[in-house]
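All of these numbers come straight from a predicted model, not from anything done at the bench. Residues: numbered from 1 along the sequence shown.
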Amino acid sequence: MENFKIGLLLKLVNDGDYDTEDSKSLLNKYEINEKNYLKTALKEDYIKICDIHQGTVKELKEILKNAGLVQTGNKETLIQRVSENVNETELKKYFGNDKYKLTPLGRKFLKDNMENIEKTLSENEEKKEEAVVEETREKIIAEEEIQKKIENTVKAEEKIEKIEDKIEEVIIKEEIKEEVKAEEIKKDTAREKNEKEVLVHKDKFAKNYIIAGIIIIVVVVCINMFL
């Protein structure tokens, strides 16, 4: 695993990607401390620092010439003059964009371990894809469960609505029954009242009839007495 970590760092350096956000994320993924492994790579002579100090006197004078500056002096003087007068963008034209370069030993180490590095990266990529597939599957299952819950909720609401409709129908029927019953009671009460009034009238008529009969009898008796 140690060879893989050093090899991966060398690969990123060789590709010119070791200092990007993606490369830092990749190094963190495999728990590779960039600072420590760069030190190890330098110590093992797998990489070298590539900057202005690595330039030759000839290269330094060419830079100064192109910049229209004085080209005399020893290497330290030339380096100082270049550093003070030539910007970083211009220097990158001569020394490249990368701070580190692979040494021949580093290139050999990378070549010997490249198969293992690519295999490990490929396996992890497959695991990542499997994880994505699994995550997608779980998401679909979760969405299906949510959909089922929604459908069940809709069905439950429909059932409740039907029950409410039936209850309302029963209530309406009961109200109609009560109204009919009240009307019947009203009619019965009116009928009983009429029957009572008829009976009262009959009683009065009977009484009057009796009184009239008595009066007639008395009149007849009185007539007979005077005759």
- Verdict with reasoning, Thr77 to Asn74, per side chain to side chain donor-acceptor pair (under 3.5 Å): CA-CA 5 Å; Thr77 302; Asn74 58 25; 2.8 Å; yes

- Can you tell me how far CG of Leu9 sits from OH of Tyr46, rounded to the nearest 0.5 angstrom? 12.0 Å

- Message: So which atom in Glu44 and which in Leu105 form the shortest heavy-atom distance, rounded to 0.1 Å?
- Response: O-CD2, 3.3 Å

- Assess whether atom CD of Glu151 is packed by more than 12 heavy atoms of other residues, nucleotides or ligands within 6.0 Å. yes

- Stepwise side chain to side chain contact (heavy atoms under 4.5 Å, CB included) test for Lys65 and Lys61: CA-CA 6 Å; Lys65 181 182 178 181; Lys61 285 185 177 182; over 6 Å; no

- Query: For Glu143, does the CD atom have more than 12 heavy-atom neighbours from other residues, nucleotides or ligands under 6.0 Å away?
  - Reply: yes

- Query: Measuring from Asn194:CG to Thr189:OG1, what's the distance to the nearest 0.5 Å?
  - Reply: 11.0 Å

- Message: If I take atom OG1 from residue Thr40 and atom NZ from residue Lys5, how far apart are they, to the nearest 0.5 angstrom?
- Response: 11.0 Å

- Item | Point-to-point distance, once rounded to the nearest 0.5 Å, from CD of Gln80 to CG of Asn85 | 9.5 Å

- Message: Running the 4.5 Å side-chain criterion over Ile, Leu, Val, Met, Phe, Trp and Tyr, what cluster does Ile171 land in, apart from itself?
- Response: Ile163, Ile167

- Is a side-chain N or O of Asn14 found less than 3.5 angstrom from the main chain of Leu10, in a donor-acceptor match? no

- Message: One thing to verify: whether Glu169 and Lys173 come together as a salt bridge, which I'm taking to mean a side-chain N less than 4.0 angstrom from a carboxylate O.
- Response: yes

- Note on the structure: Residues passing the salt bridge (charged side-chain N to carboxylate O under 4.0 Å, His left out) test with Lys108, sequence neighbours excluded, are Asp112

- What's the shortest heavy-atom distance between Ser23 and Leu12, and which atoms? CB-CD1, 3.9 Å

- Would you please test Leu64 and Val82 for side chain to side chain contact (heavy atoms under 4.5 Å, CB included) and show each step? CA-CA 7 Å; Leu64 291 168; Val82 169; 3.6 Å; yes

- Nearest heavy-atom contact between Arg81 and Thr72 is NH1-O, 2.8 Å

- Would the number of heavy atoms belonging to other residues, nucleotides or ligands and lying under 6.0 Å from CD of Gln147 be above 12? yes

- Could you go step by step and tell me if Arg191 and Asp188 meet the salt bridge (charged side-chain N to carboxylate O under 4.0 Å, His left out) rule? CA-CA 5 Å; Arg191 186 169 56 253; Asp188 290 342; 2.3 Å; yes

- How many angstroms lie between atom CD of Glu179 and atom NZ of Lys186, to the nearest 0.5 angstrom? 12.0 Å

- Quick one: does Thr120's side chain have a donor or acceptor within less than 3.5 Å of a partner on Asn116's backbone? yes

- What's in the same ILVMFWY side-chain cluster as Ile146, cut-off under 4.5 Å, chained through other members? Ile150, Val154

